[in-house]
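Worksheet for the structure shown next.
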Amino acid sequence: MSAYDFDLFVIGGGSGGVRCGRISAGHGARVAVAEERFWGGTCVNVGCVPKKIMVHAAEYGQWAGEAPAFGWQAEKGAHDWATLVAARDAEVARLNAIYARLLGNAGVTSFNARATFIDPHTLDVGGQRVTAERIVIAVGGRPQRPEIPGAELGLVSDDLFTLKERPRRIVVVGGGYIALEFASLLRGLGPEVDLLYRQPLPLRGMDGDLREAMAEALGHQGIRLHPGQMPARLEKAGEGLRLITEAGLALETDQVMFATGRVPHTDGLGLERAGIAPGRSGCVPVTLEQATTQPHIFAIGDVTDQLNLTPVATAVGHALADTLFGGNARTASFQNVPTAIFTSPPAATVGLSEEVAAAQGPVDVYVTRFTPMRHTISKAARRTMMKLVVSRRTRRVLGAHMLGEDAAEIMQGIAVAIVAGATKEDFDRTIGIHPTAAEEFVTMRTLTRQVG
Ligand code: NDP
């Protein structure tokens, strides 16, 4: 029996921390997890889960609007924000309880408190001194406002989940996942939405065709796009707000939401007392094995600023638990991680963009754009774009990108093929499911262009 109170102490009860703690306990370790704010972390409480419920709400409105084209005597009517909020919050509360129960059932000791370092093996946990042989930092991230005058007048994504009333007008600042998802779901629920981003297109770093298709889709949804704009200041204007950009654009609105990135939540954690020097924006730098500069301290999830996605944090947390206590040293792969942007319609992607793939070698590119069957009837301006990026040398499909109905659901399966190293010919000999949009991924025969 070690002299420490615990074999493993996990700081942070989000997706990564809970998985790591639970699996470690299953391997026989004496484990504690401390969570100061909410079990399940960002994803369950102020991220993926409540966001997706709001996305579903927006989709019902869209379907109601389109149903008459199919013969239904449906009328879209007004949306009741309070009903949605109550249903969403009840589901989040249910999941919170499940997360806490999962730990209890696994024999993990839970602390409803913030843990901070006293020294490399000792933590202050809500006033109590606790020692651990190994420590995992899994404190996640938090939204960041831009450094402009009046930024405190704006909301961040956390605040969108406590809004008691639906705003009439909102300006969303940013061109990443959170900005696009909220701009789109809010527009779907009724408000007038302006979306302001500093690049010519949203989603910097993603495939160019996907970025173009996204801008087009957001525009079709009735979102007013303001590309190439940097926010300069936010000020009160009567009952509402006025956002002014560096180029002099002035937007009058009720609310402004800043979705200008997230930073690791390491303030006050006492990293220096653990002997760990923080990296960029306060992150905890780690090796591929999730090790910090202290051999017994590890970090997982958004606090490491590697690939900030919930399923990545859980995969990494699980691999670390197996490595430390399961006699099975392994790491989770950061290659070919599929991801989706839950806009209306959604976008999803796996593997390399055309731009990145072409920089590594010659590629064949297949792109198709079409109106899905549903919208040939509904007449909604909701087009689909699908794309494969293929290595001309190996014939392997290096990247798949889609914007259109069900993109996220479709891309999960495509990701399996890409992770398994499927070639274009493997895609070609796969029989399609008809009639679907997904079948286009296995029937793209006409080369759109060759690069390199
Ligand atoms: P991102 O880093 O994806 O996007 C931040 C956006 O804000 C970028 O468009 C960036 O512009 C812009 N920006 C940054 N600073 C400023 C500034 N000072 N003024 C104006 N614009 C600025 O962050 P998000 O907050 O959208 O999301 C955080 C992470 O959470 C994502 O990286 C993603 O991994 C994860 N996430 C995943 C989701 C999913 O899987 N569906 C959903 C939500 C979040 P530029 O591009 O020019 O730098």
Side-chain angles (χ1 to χ4, degrees), residues 14-16 41-55 140-151 154-161 171-185 194-206 208 210-211 214-215 218 225-234 243-247 249 251 256-265 280-281 283 301-316 334 337-350 403 407-409 411-412 415:
S15 308
T42 298
C43 173
V44 169
N45 296 277
V46 286
C48 329
V49 171
K51 177 270 315 273
K52 187 79 185 279
I53 292 170
M54 295 174 86
V55 168
R142 59 175 172 76
Q144 169 179 251
R145 287 180 166 81
E147 287 177 12
I148 58 166
L155 309 171
V156 291
S157 55
D158 288 7
D159 304 321
L160 264 291
F161 299 111
V171 175
V172 180
V173 181
Y177 286 79
I178 296 179
L180 303 192
E181 289 181 342
F182 274 99
S184 184
L185 76 86
D194 287 87
L195 177 66
L196 195 132
Y197 45 88
R198 60 189 180 183
Q199 307 294 333
L201 288 168
L203 297 175
R204 180 171 61 84
M206 289 207 180
L210 191 72
R211 298 176 67 191
M214 176 60 83
L218 295 171
L225 305 183
H226 305 281
Q229 294 281 353
M230 275 290 284
R233 64 177 196 280
L234 181 57
L243 181 78
I244 295 151
T245 71
E246 285 184 358
L249 176 73
L251 296 170
V256 169
M257 174 189 178
F258 292 112
T260 47
R262 295 174 58 85
V263 288
H265 188 37
R280 194 169 45 92
S281 303
C283 75
D302 289 6
V303 72
T304 63
D305 203 16
Q306 288 170 297
L307 189 51
N308 299 340
L309 298 167
T310 297
V312 171
T314 47
V316 164
F334 291 89
V337 173
T339 158
I341 306 112
F342 292 99
T343 45
S344 174
T349 170
V350 59
L403 179 136
E409 303 292 342
M411 200 56 71
Q412 185 69 77

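Counting convention: from 1, in listed order, for ligands and their atoms alike.
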Starting from [atom], find the nearest protein heavy-atom neighbour and note its residue, name and distance.
{"atom": "atom 41 (N) of ligand 1", "value": "A340 O, 2.8 Å"}
{"atom": "atom 31 (C) of ligand 1", "value": "Y177 CD1, 3.7 Å"}
{"atom": "atom 30 (O) of ligand 1", "value": "N308 O, 3.9 Å"}
{"atom": "atom 28 (C) of ligand 1", "value": "R262 CD, 3.7 Å"}
{"atom": "atom 42 (C) of ligand 1", "value": "E181 OE1, 3.3 Å"}
{"atom": "atom 20 (C) of ligand 1", "value": "P231 CD, 3.7 Å"}
{"atom": "atom 26 (O) of ligand 1", "value": "I178 N, 2.9 Å"}

Using a strict cut-off of 4.0 Å, indicate which atoms of ligand 1 neighbour a heavy atom of [X].
{"X": "A259", "answer": "5 (C), 6 (C), 7 (O)"}
{"X": "K51", "answer": "41 (N), 42 (C)"}
{"X": "L309", "answer": "34 (O), 37 (C), 40 (O)"}
{"X": "Q199", "answer": "45 (P), 47 (O)"}
{"X": "P146", "answer": "18 (N)"}

Inset, instruction - Look at atom CD of Q412 and say whether more than 12 heavy atoms of other residues, nucleotides or ligands are closer to it than 6.0 Å. - result: no

Legend entry - Within 6.0 Å of CD in E246, more than 12 heavy atoms from elsewhere: yes

Legend entry - Test item, E147 contacting ligand 1 (heavy atom, 4.0 angstrom): no

Option whose closest heavy atom lies nearest to [atom], chosen from [options]:
{"atom": "atom 17 (C) of ligand 1", "options": "R204, E246, R198", "result": "R198"}
{"atom": "atom 9 (O) of ligand 1", "options": "G175, P143, A347, A408", "result": "G175"}
{"atom": "atom 14 (C) of ligand 1", "options": "T245, T260, T310", "result": "T260"}
{"atom": "atom 2 (O) of ligand 1", "options": "G261, G176, P311", "result": "G261"}

When you compare the side chain of [Y] with that of [X], does any pair of heavy atoms fall below 4.5 Å?
{"X": "M411", "Y": "T349", "value": "no"}
{"X": "D194", "Y": "H226", "value": "yes"}
{"X": "T42", "Y": "T310", "value": "no"}
{"X": "S184", "Y": "L218", "value": "yes"}

Legend entry - Backbone of G301 reached by a side-chain donor or acceptor of T304 within 3.5 Å: yes

Inset, instruction - Could you tell me whether the side chain of R211 and the main chain of P202 form a donor-acceptor pair under 3.5 Å? - result: yes

Inset, instruction - Verify the ring-centre separation between F182 and F161: is it less than 6.0 angstrom? - result: yes

Inset, instruction - Look up atom CE in M230 and atom OG1 in T245, then write down how far apart they are to the nearest 0.5 Å. - result: 10.0 Å

Inset, instruction - Mind checking the CG-CG spacing from L309 to D302? Nearest 0.5 Å is all I need. - result: 8.0 Å

